[in-house]
Amino acid sequence: MRQMAGTILSPIAIWKDFTVPAGVFGEPITEREEDGCTVSELYIDGRKTRDGEVKIYGVLVKETDKRNLPSVLVLADFKDGCDLNLAKDLAHRGYEALVIDLAGKAEGKEKFTVYPDSIYYANLDSSVYGECELTVDVNETCWYEWTAAAIYAAIFLHEREKDSSVGAIGIGDAATVLWQAAAFSDVFSCAAFVAGAGWYGYRGISKFGAAPEPQFSDEALRYIAGVEPQSYAKHVKCPVLLLSPTNSAVYDLDRAYDTVARIPEEIYKAVQYSVGSREEVDSECYADALVFFEAFLHKNKARVKLPREIFVKGDIKDGKLVAEVDPDEEGLKEVCLYVAEQTVEPCFRCWRKVSEHSEKGEEGYVFSYSPYMGSKTIAFFAEAVYKNGFRLCSIVAAKSFSENEVEKFNRHKIVYSSRKPDMESVFAKAVENIKPPFGIDISGEEGVSLKKGPVDLYGVSGRNGLLTFKINADKYKPDEDALLMLDVYLPCGG
């Protein structure tokens with residue numbers, strides 16, 4: 001369908017003529033045994049074009065001798081290629097995992113998805129990927145071809161075992177592909193998204209900032225309406241889990257929930273944040289994804305019950321932020337509030353966990369927090385932790401206030417002290433994405449931890465270095481004459 005100049009296509013108009021013929025098959029390349037898994041490389045039938053058929057390169061991983069397993073399609077961030085770390089981990093947890101290449105031909109790649117010359121733009125190196133404007137029809141872009149490939153791969157998984165359940169996980173920018181596929185394919189039983197929730201056309205425009213609503217060109221509007229996840233969310237047909245880092249400069253935390261809120265009311269949806277993370281989500285988020293998959297992919301097991309949405313609202317009262325949190329009570333283990341002062345841009349915020357709250361009343365659990373009078377704005381969200389290990393976060397809200405609305409100066413000059421190791425969350429991992437899968441930590445290791453040292457003093461430790469966002473806010477910013485004090489201990493005679 002050709003798009004007329006000056007018009008904006010909807011997702012329905014883009015995909016209404018897309019069909020997949022019966023029977024999507026795979027052509028084996030190699031098969032090997034590795035780490036207790038059968039690892040099969042193959043080419044999967046893809047979309048037919050005027051000069052040939054797309055051949056989707058993928059790697060299928062399952063525990064050896066296991067059959068009739070639920071499946072998970074892995075759409076890794078484009079720099080991953082067909083990395084097997086996540087696929088193997090899913091296989092050891094009882095799934096058949098298929099990771100596919102979307103990026104196509106590139107220098108140095110031996111095996112890749114083959115796109116015919118007529119759709120050369122599907123190769124990442126020749127695509128409009130990274131641009132937030134479109135000068136051509138959406139169905140003449142890499143995004144259309146990548147989504148088509150994902151749908152074909154999911155149908156291939158579904159047809160391998162009669163009536164098998166197919167879930168999916170999309171990581172980073174590849175999550176955009178999964179949003180589109182989950183909206184216009186009925187094959188998915190559930191879909192988990194890491195970081196990518198859209199609003200890329202709004203980069204640099206803070207949701208809670210003072211900037212006016214931008215005036216977009218027709219090309220930008222075509223991209224927003226035809227590619228962005230927020231435009232596809234209302235068409236999604238399966239349960240959704242969104243996992244988002246709080247401090248990414250690329251993926252907008254404040255607008256992430258806005259995408260999920262567009263999903264139809266009758267469809268299950270949940271959001272979890274990785275606090276202090278920049279371009280990846282932590283192992284707690286991965287644990288959430290595993291509980292999510294268990295709930296929707298295992299047909300022959302008692303279904304894990306997942307909690308409903310958690311609500312939060314707040315206002316400045318009696319000099320404090322007073323926030324009311326209303327979680328699902330069934331199986332609830334813990335509820336808390338996260339707050340960050342002053343910083344409008346999500347990537348620079350220092351989130352502080354507030355655990356103390358009132359007993360639940362008619363307004364839910366009530367939290368109070370005293371902000372610094374010079375901060376002038378405070379962002380906050382709620383988190384609920386459940387006995388089955390599932391974590392659930394609310395929308396990020398924000399309140400502005402004047403200096404005379406808060407009760408005291410309340411400025412802190414101590415950024416961190418080992419003498420008060422539980423004073424608040426200060427540090428995050430300085431380096432992320434050490435190895436694939438980029439965007440999601442499946443190691444289960446703590447990125448930042450407190451360890452007891454000499455004379456029972458605690459010290460903060462980070463396996464990938466330490467990073468703090470704390471001094472971005474005036475409340476904690478050191479004075480020009482501030483001192484850095486360190487306690488150094490050496491063994492006797494050292």
Step through the shown structure and confirm whether more than 12 heavy atoms of other residues, nucleotides or ligands are within 6.0 Å of CD on Glu266.
yes
* Under 6.0 Å between ring centres, would you say that holds for Phe188 and His158? -> no
Discussion item. Within the 4.5 Å heavy-atom criterion, are Tyr115 and Trp146 side-chain neighbours or not?
Written reply: yes
Worksheet item: For Arg278 and Glu280, what are the C-alpha separation, side-chain angles and deciding distance, and is it a salt bridge (Lys or Arg N to Asp or Glu O under 4.0 Å)?
Response: CA-CA 6 Å; Arg278 291 182 290 175; Glu280 71 171 18; over 6 Å; no
(request) Let me see the working for Phe156 and Leu42 under side chain to side chain contact (heavy atoms under 4.5 Å, CB included), right down to the final yes or no. (result) CA-CA 12 Å; Phe156 166 76; Leu42 69 164; 3.5 Å; yes
Tell me if a side-chain donor or acceptor on His92 pairs with a main-chain N or O of Asp35 at a distance below 3.5 Å. yes
Would you say that Val260 contacts Lys269 through its side chain, given a criterion of any heavy-atom pair below 4.5 Å between the two side chains? yes
Would you say that more than 12 heavy atoms from the other residues, nucleotides or ligands in this model lie under 6.0 Å from the CZ of Phe216, or not? yes
ask   = Crowded around Asp51 CG? As in, over 12 foreign heavy atoms under 6.0 Å?
value = yes
Tightest non-hydrogen contact, residues Gly104 and Asp101, listed as N-OD2, 3.1 Å
Q. Is the number of heavy atoms from other residues, nucleotides or ligands within 6.0 Å of CZ (Arg32) greater than 12?
A. yes
Between Lys105 and Asp125, is there a salt bridge with N-O shorter than 4.0 Å?
no
In short, side-chain hydrogen bond (donor to acceptor under 3.5 Å, both in side chains) pairs touching residues 186-202 with sequence neighbours left out are Trp199-Thr259, Tyr202-Glu213
Donor-acceptor check, side chain of Arg47 to backbone of Ala148, threshold 3.5 angstrom: yes or no?
no
Are the side chain of Glu383 and the backbone N or O of Leu392 linked by a donor-acceptor pair below 3.5 Å?
no
Hits for side-chain contact (heavy atoms from CB on, under 4.5 Å) against Asp282, two or more places apart or cross-chain, chain-then-number order -> Ser274, Glu284, Cys285
Nearest heavy-atom approach of Gly196 to Ala175 is O-CB, 3.6 Å
Discussion item. Go through it in stages, so that I can follow the logic: the residues are Asp137 and Arg222, the test is salt bridge (Lys or Arg N to Asp or Glu O under 4.0 Å), and I'd like the CA-CA distance, side-chain angles, deciding distance and then a yes or no.
Written reply: CA-CA 8 Å; Asp137 291 0; Arg222 184 183 297 145; 5.6 Å; no
Between the main-chain N or O of Val166 and the side-chain N or O of Ser71, is there a donor-acceptor pair closer than 3.5 Å?
-> no
Residues, nucleotides or ligands: over 12 heavy atoms within 6.0 Å of Glu33 CD:
yes
Step-by-step side chain to side chain contact (heavy atoms under 4.5 Å, CB included) determination, Leu134 to Glu219:
CA-CA 5 Å; Leu134 291 181; Glu219 291 78 11; 5.7 Å; no
In short, side-chain hydrogen bond (donor to acceptor under 3.5 Å, both in side chains) pairs touching residues 233-249 with sequence neighbours left out are Ser248-Glu279
Exercise. Between the side chains of Tyr365 and Asp326, is a donor N or O closer than 3.5 angstrom to an acceptor N or O?
Worked result: no
Rounded to the nearest 0.5 Å, the CD1 atom of Ile14 sits from the CH2 atom of Trp143 at a distance of 13.0 Å
Is there a side-chain contact between Leu98 and Val72 (heavy atoms, below 4.5 Å)? no
Residue pairs passing the salt bridge (charged side-chain N to carboxylate O under 4.0 Å, His left out) test with at least one member in residues 60-71, sequence neighbours excluded, are Glu63-Lys66
Rounded to the nearest 0.5 Å, the OG atom of Ser443 sits from the CG atom of Asp89 at a distance of 10.0 Å
Using modelled atom types and a 3.5 Å cut-off, is there a donor and acceptor pairing between side-chain atoms of Tyr386 and backbone atoms of Glu330?
no
Distance col, row Arg160:CZ vs Leu69:CG, nearest 0.5 angstrom, shows 9.5 Å
Margin query: Whether the Tyr57 and Glu41 side chains hold a donor-acceptor pair (N or O, under 3.5 Å, no angle test) is what I'd like checked.
Written below: yes
* Before accepting this row, confirm whether a basic side-chain N of the pair Glu294/Arg93 lies closer than 4.0 Å to the acidic partner's carboxylate O. => no
Any heavy-atom pair between the side chains of Val240 and Trp179 that's under 4.5 Å? yes
| Thr141 vs Val136 side-chain heavy atoms within contact, under 4.5 Å | yes
*In terms of side-chain geometry, is the basic nitrogen of Asp45 or Lys55 positioned less than 4.0 Å from the acidic oxygen of its partner?*
yes
Residues at least two apart in sequence or cross-chain that pass side-chain hydrogen bond (donor to acceptor under 3.5 Å, both in side chains) with Trp15, listed by chain then number, are Tyr232
Distance col, row Phe292:CZ vs Phe390:CZ, nearest 0.5 angstrom, shows 7.0 Å
Here the pair of heavy atoms bringing Ala174 nearest to Ala76 is CB-O, 3.2 Å
Of all heavy-atom pairs linking Asn85 and Ile442, the shortest is O-CD1, 3.7 Å
Let's go through Leu60 and Thr38 carefully: what are the C-alpha distance in whole Å and the side-chain angles of both, what is the deciding distance for side chain to side chain contact (heavy atoms under 4.5 Å, CB included) to 0.1 Å, and is it a yes or a no?
CA-CA 8 Å; Leu60 191 68; Thr38 300; over 6 Å; no
Between the CG atom in Asn139 and the CG atom in Asp17, the distance rounded to the nearest 0.5 Å is 9.0 Å
Student check: side-chain heavy atoms of Leu157 and Glu96 closer than 4.5 Å:
yes
* Asked: Does the side chain of Asp441 come within less than 4.5 Å of Tyr286's, by heavy atoms?
  -> no
Could you tell me if the side chain of Ile171 sits less than 4.5 Å from the side chain of Leu75, heavy atoms only? no
Note: Val271 and Leu241 closest approach over all heavy atoms is N-CD1, 4.5 Å
Exercise. Ser40 and Glu31: side-chain donor and acceptor closer than 3.5 Å?
Worked result: yes
| request: Please confirm whether the backbone N or O of Ala233 pairs with a side-chain atom of Arg262, one donor and one acceptor, at under 3.5 Å? | output: no
Interatomic distance, CD@Glu145 vs CG@Leu102, rounded to 0.5 Å, equals 11.0 Å
Correct closest heavy-atom pair for Val59 and Cys82 would be CG2-CB, 4.0 Å
So the ring pair (Phe, Tyr, Trp, His ring centres under 6.0 Å) pairs with at least one residue in residues 263-283 (sequence neighbours excluded) are Tyr268-Phe296, Tyr273-Phe381
Fill in: Check against side chain to side chain contact (heavy atoms under 4.5 Å, CB included), Val99 and Asp83
CA-CA 8 Å; Val99 56; Asp83 172 73; over 6 Å; no
